Asks: 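My questions all concern the structure below.
Naming convention: chains lettered A, B, ... in sequence-line order (proteins, then strands); numbering from 1 in each chain. Here the structure is a predicted model, which is why all the values come from computation and not from measurement.
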Number of protein chains: 2
Amino acid sequence: MESKKAIEALAALAHEGRLAAFRLLVRAGDEGLPAGELARLLACPANTLSTNLGILSRAGLVTSHREGRSIVYGANYDGMSKLVTFLTKDCCEGRARVCEPVDVVALSL
Amino acid sequence: MESKKAIEALAALAHEGRLAAFRLLVRAGDEGLPAGELARLLACPANTLSTNLGILSRAGLVTSHREGRSIVYGANYDGMSKLVTFLTKDCCEGRARVCEPVDVVALSL
DNA sequence: TCGATATTTCCAGAAATATGGAATCAAAGA
DNA sequence: TCTTTGATTCCATATTTCTGGAAATATCGA
């Protein structure tokens with residue numbers, strides 16, 4: 001991941017409403033959630049949320065597909081994984097001090 | 001790490017100049033780099049860089065201490081590690097899809 | 001085709017962030 | 001103490017981002 005893309009992803013997540021939306025999508029699992037449902041859960045106007053989902057989508061952090069009248073969003077783990085790899089490997093040169101805590105998490109699964 | 005702090009760290013890194021500064025500090029190792037040297041390397045006005053180092057510092061991503069007339073900055077791996085843990089564990093609930101690529105990096109060291 | 005529902009796009013004002021010149025502060029040396 | 005050097009703070013301007021009303025688009029069912 002080149003740094004331009006990483007910055008886009010970092011900026012996308014550096015926003016309370018967008019971070020909350022992403023976390024809800026993670027909890028929703030593979031079925032995802034339609035935009036309207038997400039707006040209701042977040043108590044956020046539909047158009048504002050739509051803008052924010054667009055930002056997350058362009059950053060590669062969420063996916064979407066139409067289902068009838070709804071557009072269903074889902075967390076894109078691949079995008080998040082690339083960002084985490086960028087931070088640990090490209091950015092911190094893979095130093096154990098940054099990677100170790102992640103190891104513990106990963107091994108405990 | 002609570003999300004307020006995570007957002008602060010994400011926003012701090014979501015900036016070309018600040019990300020570049022952080023990476024230089026990683027490469028500089030434990031001795032760190034004085035602000036002026038960093039400004040020279042980044043071809044950035046001293047006051048602009050100072051503002052940005054302040055943002056990184058408040059976000060817990062760099063440390064600093066005075067050495068004579070200079071103020072020496074260093075990467076704070078603990079802060080970065082907390083951010084990475086937030087993204088993988090708190091944010092993605094420790095899903096292997098996000099953690100695995102990091103594992104590979106960590107194990108290859 | 002019409003109306004209802006779901007979502008996005010357009011747009012403009014408000015708010016936050018970025019930038020760098022000038023002034024200020026801190027340390028060192030003469 | 002005065003000057004020089006290194007860095008930060010102050011401040012005004014420029015730019016970007018955020019927000020949500022209104023309008024537009026898409027789909028479905030009658």
Asks: Could you pull out all residues at least two apart from A/Asp78 that satisfy salt bridge (charged side-chain N to carboxylate O under 4.0 Å, His left out)?
Replies: A/Lys82
Asks: Could you work out, with salt bridge (charged side-chain N to carboxylate O under 4.0 Å, His left out) as the rule, every residue matching B/Glu67, not counting sequence neighbours?
Replies: none
Asks: So, B/Glu93 and B/Arg95, do they make that salt bridge, N to O below 4.0 Å?
Replies: yes
Asks: Do you know the tightest heavy-atom contact between B/Ala12 and B/Leu61?
Replies: CB-CD1, 4.1 Å
Asks: For A/Leu53 and C/dA6, give me the distance from atom CG to atom C1', rounded to whole Å.
Replies: 13 Å
Asks: List the protein contact pattern of nucleotides 17-29 of chain C with one symbol per nucleotide (5' to 3'): B for base contact, S for sugar-phosphate-only contact, - for none; contact means a heavy-atom distance under 4.0 Å.
Replies: -SBBBB---SBB-
Asks: Considering just the side-chain nitrogens and oxygens of A/Tyr73, establish if one lies under 4.0 Å of OP1 or OP2 belonging to C/dA6.
Replies: no
Asks: Taking any heavy-atom pair under 4.0 Å as a contact, classify B/Ser70: base, sugar-phosphate, or nothing.
Replies: sugar-phosphate
Asks: With the 4.5 Å side-chain cut-off for hydrophobic clustering, are A/Ile55 and A/Val62 part of the same group?
Replies: no
Asks: Please give me every residue in residues 27-35 of chain B whose heavy atoms get under 4.0 Å of an atom in DNA chain D, ordered by residue number.
Replies: B/Pro34, B/Ala35
Asks: What pairs with B/Arg40 under side-chain hydrogen bond (donor to acceptor under 3.5 Å, both in side chains), at least two apart in sequence or on another chain?
Replies: B/Glu37
Asks: Roughly how many Å is it from CG in B/Leu38 to P in D/dT8, rounded to a whole number?
Replies: 10 Å
Asks: Are the side chain of A/Arg97 and the backbone N or O of B/Met80 linked by a donor-acceptor pair below 3.5 Å?
Replies: no
Asks: Output all residues satisfying side-chain hydrogen bond (donor to acceptor under 3.5 Å, both in side chains) with B/Arg69, sequence neighbours left out; order by chain, then residue number.
Replies: none
